[in-house]
**Q** 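Once you've had a glance at the structure underneath, I'll fire off some questions.
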Amino acid sequence: MTTLTVPLPSTLRTGLSRGVVEVKQFFRERDAVVFTFALPSCILIMLGFIFDEPLDGYADVHVSQVFAAGMIAYGIVSTAFISIGVGISGDRDDGTLKRLRATPATAGAYLIGKVVLVTVTTLAEITLMLAVGVVLFDLRLPTDAGRWLTFGWLLALSIVACTLLGIAASSLARSARSAPAVLNLPVLALQFSSGIFVSIAALPAAMTAVSSLFPVKWMGQGFRSVFLPDGLAAQEVAGQWEHGRTALVLAAWCALGLVLCLATFRWTDRRTR
Amino acid sequence: MAVIEVHGLRKRYGRHQAVDGIDLTVERGEVFGLLGPNGAGKSTTVEILEGYRPRDGGDVLVLGEDPGTAGRRWRARIGVVLQQANDSAGLTVREVVRHVAGFYPAPRDPDAVIELCGLSDKADAKLRTLSGGQRRRVDVALGIVGGPELLFLDEPTTGFDPQARRQFWSLIRSLAAEGTTIVLTSHYLDEVEALAGRLVVLAGGRIVASGTPQTIGGRTEESTVSWRDADGTHQVSVADPAVLLGELTGRDDPHLTDLRVQRRSLEDVYLDLIGESR
């Protein structure tokens, strides 16, 4: 029989094919596309115009620029963590995962598909947010390679951590309908307590002590270090950019996210046992 | 070797014994029907055979392997048509059939499968624009595009209009004619009668009858003979209607009319069977 001799398609190949289909489906949901991409930029525009004054003690930097840099963290959380959490919940609900489960496609192929989707949407989101920042708030793109290198590893670790945590968090929601509500609450709480929607220097120490346990604070701090003059490091909790610690915390969340993912990933929702 | 062998299958949800000791054998090339009311344990049984659910007890071999532990190569040999699926709404029929074909080592030609399922006119339509019947035919296309030896159909025509059901049945018959073994669950009697070569009736997690659509539940044992004559209408149940027919027609009664011989309908048999178990 031919099926016994022909090798099964590899997980990578099937995963990339999943990725193509995921991206196609995402961009065909026009309202989801518009609102997913618009929300972080919209909040950036609001906050940017409300706080469009020079930063105290830094004549050449506006508060809006600080927001524009840190808000990239929110963009990543939005396209990686929330979109993936909600998306997987939906895949459980509408039969996508159940169908895949009955085929030779592996869970790994499914997750590669999600990684492709997250990479495409996150790069698009960040491009949009940087464009808004540059055009409206005079955000300056770095010219030296070192800052882009920081941007690179920060982006990679942030995407991986948020995606893995989004996959794990999709199991928290009982249904696709409740998923956005379940995922948005912790996300919004972290945006405020991590100094993304407010200036981190204005936050109580107890609040930043708690939010420092989570990735968002470090992502925001990291992106500020890429796009703001080094003098602004004094505004951070520790008074410096802390690149090493940022990398460590994010890497730890990647590891924890992977463990949570493997422990909690379910092909079906809780209604089927 | 049988395609499916099940002995003493059990599955419990909390305090509810959904499947309570089922034995089944399905041979290669058969269309096998699992008939029963909602909650009889049909879907649970099929989902265990498909590898979706763990079982609590019993021996199960599907294509020679235990579905609970079988791997990708085994899954390449089965096809599953889901009871309800709304996935891939933004993809076209051709895109999704081609995509799923790519999961398999030796898939059927996607365009030929689309043609076979009567979807050629809709090949470039997005799934969300299809009618219920067309959507189910996509599910069948996705179930067979891998070229399975064994196809599971769980309540395939729920919600179909009569014409769509007939079209669907002829599709299933053509698959069976190609040699695909088919396991069909349904609570529609006429569907099982039209398609299945052999069936079991499930009720309360147990098999209450098994046989062919012609013989199940003792259908051949008694016939009802009814007629009208000068005295009015008569109806008699007999084991051998030929004797009575000979007697009736031998009378040369000019008033004899409406003479009918009917086997008990599958519906009568079925309602008796599931009624007994309640």
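First the proteins, then the strands, lettered A, B, ... as listed; each starts at 1. Nothing here was measured: the structure is a model prediction, and the numbers come from that model. These values consider heavy atoms only, across backbone and side chains, with no hydrogens, waters or symmetry-generated copies.
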**Q** Please look at B:R98 and chain A and tell me whether the side chain, the backbone, both or neither of the residue comes under 4.5 angstrom of a heavy atom of that chain.
**A** neither

**Q** Are there more than 12 heavy atoms of other residues, nucleotides or ligands under 6.0 Å from atom CZ of B:R72?
**A** yes

**Q** Atom CG in B:D87, atom CG in A:L100: separation rounded to 0.5 Å?
**A** 8.0 Å

**Q** What residue in A:T103, A:T96, A:T14 has the most heavy-atom pairs under 4.5 Å with chain B?
**A** A:T103

**Q** Using a cut-off of 6.0 Å, state whether more than 12 heavy atoms not belonging to B:E115 lie near its atom CD.
**A** no

**Q** What's the spacing between A:L8 CG and B:F103 CZ if we round to 0.5 Å?
**A** 12.5 Å

**Q** Sort and list the pairs that fulfil side chain to side chain donor-acceptor pair (under 3.5 Å) and have at least one residue in residues 68-81 of chain A, not counting sequence neighbours.
**A** A:T79-A:T122

**Q** Is there side-chain contact between B:Y104 and A:P104, with heavy atoms separated by less than 4.5 Å?
**A** yes

**Q** To the nearest 0.5 Å, tell me how far A:K98 NZ sits from B:E50 CD.
**A** 7.0 Å

**Q** Looking only at non-hydrogen atoms, find the nearest pair between A:Q25 and B:A89 and report the distance.
**A** OE1-N, 3.8 Å

**Q** With a 4.5 Å heavy-atom cut-off (strictly below), which parts of residues 179-186 of chain A touch chain B? List them by number.
**A** none

**Q** To check you understand the geometry: which heavy-atom pair defines the closest contact between A:P9 and B:G102, and what is its length?
**A** CG-O, 3.3 Å

**Q** Tell me, side chain or backbone of A:R18 under 4.5 Å from chain B's heavy atoms, or both, or neither?
**A** both

**Q** With the threshold set at 4.0 Å, does a side-chain nitrogen-carboxylate oxygen contact exist between B:R128 and A:E29?
**A** yes

**Q** Is A:R28 in contact with chain B via its backbone, its side chain, both, or neither, using a 4.5 Å heavy-atom distance?
**A** side chain

**Q** State plainly whether the residues B:D139 and A:R99 are in salt-bridge range, i.e. N to O under 4.0 Å.
**A** yes

**Q** Side chain, backbone, both or neither: which part of B:L91 has an atom under 4.5 Å from a heavy atom of chain A?
**A** both

